[in-house]
Amino acid sequence: MQPISPELREWIVAQLAAGHSVAALRASMHAAGWRDDATDAALAEVERAALGGAPAVAAPAEPAGPARTEMPGPDLEGAPLYIDAGDRRVQVLQTVQHPRVVVFGNLLGGEECEALIAAARARLARSLTVETKTGGETLNVDRTSEGMFFERGENETVQRIETRIARLLNWPLEFGEGLQILRYVPGAQYRPHYDYFDPREPGTPTILRRGGQRVGTLVMYLQEPERGGGTTFPDIGLEVAPVRGTGVFFSYDRPDPATRTLHGGAPVLAGEKWVATKWLREREFR
Ligand code: PD2
Ligand code: ZN
């Protein structure tokens, strides 16, 4: 079992205090090479300490650094309505310039959505959202979405989708993390957050060793709920409907709120929502 260092403990506490979900933390730790059982043990230890009233310690601020020039994204030169993604003609449904947001239609087939859900279902681990009340000492633990990660290229469906994404977004397949699958039941949500790793957090340098920063996100809808569950971008007043087979891409050229990429998953009101998320790194993710 990997030991939990004081720095990691502080990082987890600070992330939770900032309102990040445990699902997001698990994803970050998984991305940094933590085994899921070790992650769960670390989170449980921090939760125990938090319930005992341990204070959250924020790390000193560090600059986000210059904006990147080379970024993932579809070629929208000439304002195409469709993009040839190799094995599929993907629709361009909606675009935003700043932040760069593109909503795609016909990104996944119904059978592909079903295949991902079927393969993921048995492997879902419960993920928690932890909320701190301002000034309060207790953590309110809400069970919300459940999630798992596929290895890159783990099965034929995953491989085919990853190849398509690499072509669509003009970003090497090897720069992508494994697909994350999340299931939301009624009441579940993903509170607004940034997908990049906060440079001010002590755990970030470790995470960045594996492929650098995240620079783009593609959220793909595998199953639509009956009501609720849109992907929201509070800074720009955008909400993307979670329609099966469609997806929303957005990119961030620096790990900074100035990118206006704050986003969240609105509460599911009825039915079940399933998504697959592909995060893109600066470099090869191993
Ligand atoms: O499921 C969503 O709509 C959602 C919202 C915000 C997913 C993510 N973030 C993510 O996977 O990062
Ligand atoms: Zn996100």
Side-chain angles (χ1 to χ4, degrees), residues 15 18-32 72 93-94 96 99-104 107-108 113 116-117 120 124-125 127-129 142-150 161 165 169 176-198 207 213-252 255-257 259-281 285:
Q15 296 287 306
H20 296 291
S21 70
V22 172
L25 259 68
R26 290 182 97 250
S28 301
M29 291 176 71
H30 181 99
L93 294 177
Q94 194 176 11
V96 177
R100 173 40 104 200
V101 179
V102 184
V103 180
F104 294 115
L107 179 56
L108 303 177
C113 296
L116 290 181
I117 290 172
L124 288 182
S127 50
L128 308 173
T129 295
D142 282 335
R143 281 181 188 275
T144 65
S145 65
E146 301 164 290
M148 58 78 68
F149 275 90
F150 285 111
I161 293 169
I165 293 171
L169 299 179
E177 298 179 27
L179 273 182
Q180 178 196 232
I181 308 292
L182 290 176
R183 172 172 74 170
Y184 301 76
V185 296
Q189 63 178 308
Y190 204 157
R191 290 181 196 285
H193 59 273
Y194 299 97
D195 280 353
Y196 56 73
F197 302 106
D198 188 337
I207 292 171
Q213 262 293 357
R214 286 178 176 163
V215 291
T217 302
L218 177 64
V219 177
M220 296 166 281
Y221 307 107
L222 306 180
Q223 181 179 304
E224 47 195 66
E226 286 159 38
R227 290 189 295 119
T231 302
T232 60
F233 293 81
D235 290 347
I236 56 170
L238 175 66
E239 178 157 349
V240 178
V243 176
R244 174 146 119 161
T246 69
V248 57
F249 166 76
F250 54 98
S251 60
Y252 22 98
D256 193 294
T259 56
R260 306 166 85 198
T261 54
L262 185 69
H263 66 287
V268 167
L269 301 175
E272 256 182 42
K273 171 191 171 191
W274 288 71
V275 303
T277 303
K278 172 64 83 176
W279 284 296
L280 305 177
R281 297 291 192 103
F285 178 80

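Hydrogens, waters and symmetry mates are skipped; everything else that's a heavy atom, side chains included, is used. Counting convention: from 1, in listed order, for ligands and their atoms alike.
- For the pair Y196/T261, a side-chain contact is recorded, criterion being any heavy-atom separation below 4.5 Å from C-beta on.
- The nearest heavy-atom contact from the protein to atom 11 (O) of ligand 1 is T277 OG1, 2.8 Å.
- The N, O or S atom of D195 lying closest to the Zn ion (ligand 2) is OD1.
- At a threshold of 4.5 Å between non-hydrogen side-chain atoms, the residues L108 and Y221 do not count as touching.
- Not a single N or O atom of T217, backbone or side chain, sits closer than 3.5 Å to an N or O atom of ligand 1.
- Looking only at protein heavy atoms, the nearest one to atom 4 (C) of ligand 1 is Y184 OH, 3.6 Å.
- Within ligand 1, the atoms closer than 4.0 Å to a non-hydrogen atom of G265 are 3 (O), 5 (C), 6 (C), numbered from 1 in the order shown.
- Within the 4.5 Å cutoff, the side chain of F104 has no heavy atoms near those of the T246 side chain.
- Among all non-hydrogen protein atoms, the one lying nearest atom 6 (C) of ligand 1 is H263 CD2, 3.1 Å.
- T232 places none of its side-chain heavy atoms less than 4.5 Å from the side chain of H263.
- Polar contact with ligand 1: present for K273 (N/O pair, distance under 3.5 Å).
- If you put the vertex on the Zn ion (ligand 2), NE2 of H263 and NE2 of H193 sit 100° apart, to the nearest 10°.
- Side-chain contact between P255 and D198: absent, with no pair of heavy atoms (C-beta onward) separated by less than 4.5 Å.
- Between Y190 and ligand 1, a contact under 3.5 Å exists for no N or O pair.
- Side-chain contact between Y184 and P225: absent, with no pair of heavy atoms (C-beta onward) separated by less than 4.5 Å.
- In this structure, V219 and F249 have side chains that are not in contact, with every pair of non-hydrogen atoms separated by 4.5 Å or more.
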